[in-house]
Amino acid sequence: EDFLTKRAEAFRTNDYYASEVAWMKLAGNLIEPTIGPYEVYEDELMGWKAAFESYIAIKDPEASADLQTLVDHLPALEAALPIEERYKSLDRSFGSPISVVDLIYSAGDARDGVQTLAYNLPNDPRVSDEHGTKKVMLRNVIEAKFEEILVPIAERVLEPSLVEEIEARPFFISVVMHELAHGLGPRFVQGTETPVSVALGASYSPIEEAKADVVGYLSLEELADDGVYPEEFRRQVTISTVAGLFRCVRFGTGEAHGKGCALQLDRLLEEGAVVARADGRFDVEVERVRPVFTDLGRELLTLEATGDGEGAARLLAERGELEPAVRSALERLADVPVDIRPRYAVLDRMREWRDTSAGR
């Protein structure tokens, strides 16, 4: 009730700070409500103007609690980031509640275009520095994309023996770590009160999405080093990560996630971590992925820390397009869906009720 009341007031005043804090403090709720102006993907001019979106989901408390232990590692993962010490935010809040939910309704920007697997909010750096961020994992969406899209893509583009190692759990945890990684690294330009999103402008979204992918992967490597995950899981995560890049680039390089994934694939191919074979399939040199992503992560994080908008735009222009071998592989995926389109049973029931009432 506190959140809903404050959010209603925020709609009137356009001041969302208090309601964002209230949203972060929601506890014991089985219904996970999210509504407001959040993502700036649609603003290709400056990357500042946020679109309204909403989600209604049912929370799984047990599954959420199982993932909460990952939050304890966030300070160590921030300390392990591949950037200069002065750019690390070791004194920030690492509060990071995780909600595993099943999505039952979405609207606004959330229903348009690419369907998100999960989200990490709020985006206001004032709130995230003081209270952390909440990670909401849309389990039924993740499962649908894994079964209907990721696996068929892997079967078409990867070397056959690698496909046997694609499993749902590593993919799910990779999504979790992507969202956790959004809360790692610089939020403000070093030595200023300027948010990174403002400094990088229209380049921010693809750079930040690439950063979350790369840092999320490196964080899983760190957790495996610490014994949180076994060696087999580490390898499965790496293969799922590469397969996921082929899934993501199909959104197009005009979309933030697609652009960020194209950047990663370009670097992995250039450095020989992903190898195009003569038959058009791709092999993964698993041991080479980590050092390549360490270098790329350092580059992305430094662009954010220094607010180098020109450097970010130049990197995306030079590296954010698809290699010919990748384009050729994508042509073999014409019958694989690019994305899912949720059908909400609640809307069907509402239409039935409306039609029945009209008939009366």
Compare all side-chain heavy atoms of [X] with those of [Y] and state whether any distance is below 4.5 angstrom.
X    : Y    : value
V274 : V292 : no
L200 : E304 : yes
L315 : I207 : yes
V101 : L138 : yes
L117 : F171 : yes
L184 : S219 : yes
T241 : L220 : no
W23  : V127 : no

Working to the nearest 0.5 angstrom, can you tell me the gap between [X] [atom1] and [Y] [atom2]?
X    : Y    : atom1 : atom2 : answer
I58  : I104 : CD1   : CD1   : 4.0 Å
I142 : S174 : CD1   : OG    : 10.5 Å
N120 : L180 : CG    : CG    : 7.5 Å
F52  : D109 : CZ    : CG    : 11.0 Å
R267 : L296 : CZ    : CG    : 5.0 Å
L70  : I173 : CG    : CD1   : 6.0 Å

### Derivation and outcome, side-chain hydrogen bond (donor to acceptor under 3.5 Å, both in side chains), residues Y344 and S106
CA-CA 9 Å; Y344 298 117; S106 69; 2.7 Å; yes
Using atom types as modelled and distance alone, determine if a side-chain donor or acceptor of [X] lies under 3.5 Å from a backbone N or O of [Y].
X    : Y    : value
K211 : G260 : no
K88  : A79  : yes
R126 : Y17  : no
K135 : H182 : no
D283 : V275 : no
S240 : V237 : no
T238 : R234 : yes
S64  : V100 : yes
Q190 : A305 : no
N140 : D102 : no

### Query
Are there more than 12 heavy atoms of other residues, nucleotides or ligands under 6.0 Å from atom CZ of R343?
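Not more than 12 within 6.0 Å, no.
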Pairing of [X] and [Y] as salt bridge, 4.0 angstrom limit:
X    : Y    : answer
E299 : R319 : no
R12  : E9   : yes
E222 : R290 : yes
R250 : D339 : no
D129 : R187 : no
E167 : R169 : no
E232 : R235 : no

### Task
Under the side chain to side chain contact (heavy atoms under 4.5 Å, CB included) rule, what do E39 and N123 come out as? Steps first, then yes or no, please.
CA-CA 8 Å; E39 305 298 353; N123 288 328; 3.4 Å; yes
Under 4.5 Å between side-chain heavy atoms, hopping through other hydrophobics if needed: is there a path connecting [X] to [Y]?
X    : Y    : value
V151 : V284 : yes
L300 : F188 : no
M46  : V189 : no
Y87  : L77  : yes
I31  : M137 : yes

Considering all heavy atoms of both residues, which atom of [X] and which atom of [Y] are nearest to each other, and what is their separation?
X    : Y    : answer
L81  : G185 : CD1-N, 3.6 Å
A154 : V163 : O-CG2, 3.2 Å
A262 : V249 : N-CG1, 3.5 Å
A110 : E53  : N-CB, 3.5 Å
F282 : A325 : CZ-O, 3.6 Å
K134 : M24  : N-SD, 3.5 Å

#### Entry: side chain to side chain donor-acceptor pair (under 3.5 Å) partners for R281, two or more places apart
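R281: no side chain to side chain donor-acceptor pair (under 3.5 Å) contacts found.
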### Task
Just say parallel, tilted or perpendicular for the rings of Y229 and F233, cut-offs at 30° and 60°.
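Aromatic pair Y229/F233 classed parallel.
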### Task
Look at the aromatic rings of F11 and Y16 and report parallel, tilted or perpendicular, splitting at 30° and 60°.
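Perpendicular.
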### Query
For residues 66-82, which residue pairs qualify under salt bridge (charged side-chain N to carboxylate O under 4.0 Å, His left out), counting only residues two or more places apart or in two chains?
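Every salt bridge (charged side-chain N to carboxylate O under 4.0 Å, His left out) pair that includes a residue of residues 66-82, provided the two are not neighbours, is E78-R92.
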### Task
Please check if any side-chain donor atom of S54 sits under 3.5 Å from a side-chain acceptor atom of Y105, or the reverse.
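There is no such pair (donor and acceptor under 3.5 Å, judged by atom type) between the side chains of S54 and Y105.
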### Task
Take Y55 and T116 through the side chain to side chain contact (heavy atoms under 4.5 Å, CB included) test and state the conclusion after the steps.
CA-CA 11 Å; Y55 301 89; T116 190; 3.2 Å; yes
### Passing option when K259 is tested against E208, E321, E209 for salt bridge (charged side-chain N to carboxylate O under 4.0 Å, His left out)
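That would be E321.
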### Query
Given the rule in the side chain to side chain contact (heavy atoms under 4.5 Å, CB included) test, do D213 and H257 qualify, once you have shown the distances and angles that lead to the verdict?
CA-CA 10 Å; D213 279 344; H257 299 80; over 6 Å; no
### Message
Between F251 and V338, does the side chain to side chain contact (heavy atoms under 4.5 Å, CB included) criterion hold? Intermediate values first, please.
### Response
CA-CA 7 Å; F251 299 146; V338 173; 3.8 Å; yes
### Query
Would Y38 and Y119 count as a close aromatic pair, with their ring centres under 6.0 Å?
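For Y38 and Y119, the ring centres are not under 6.0 Å apart.
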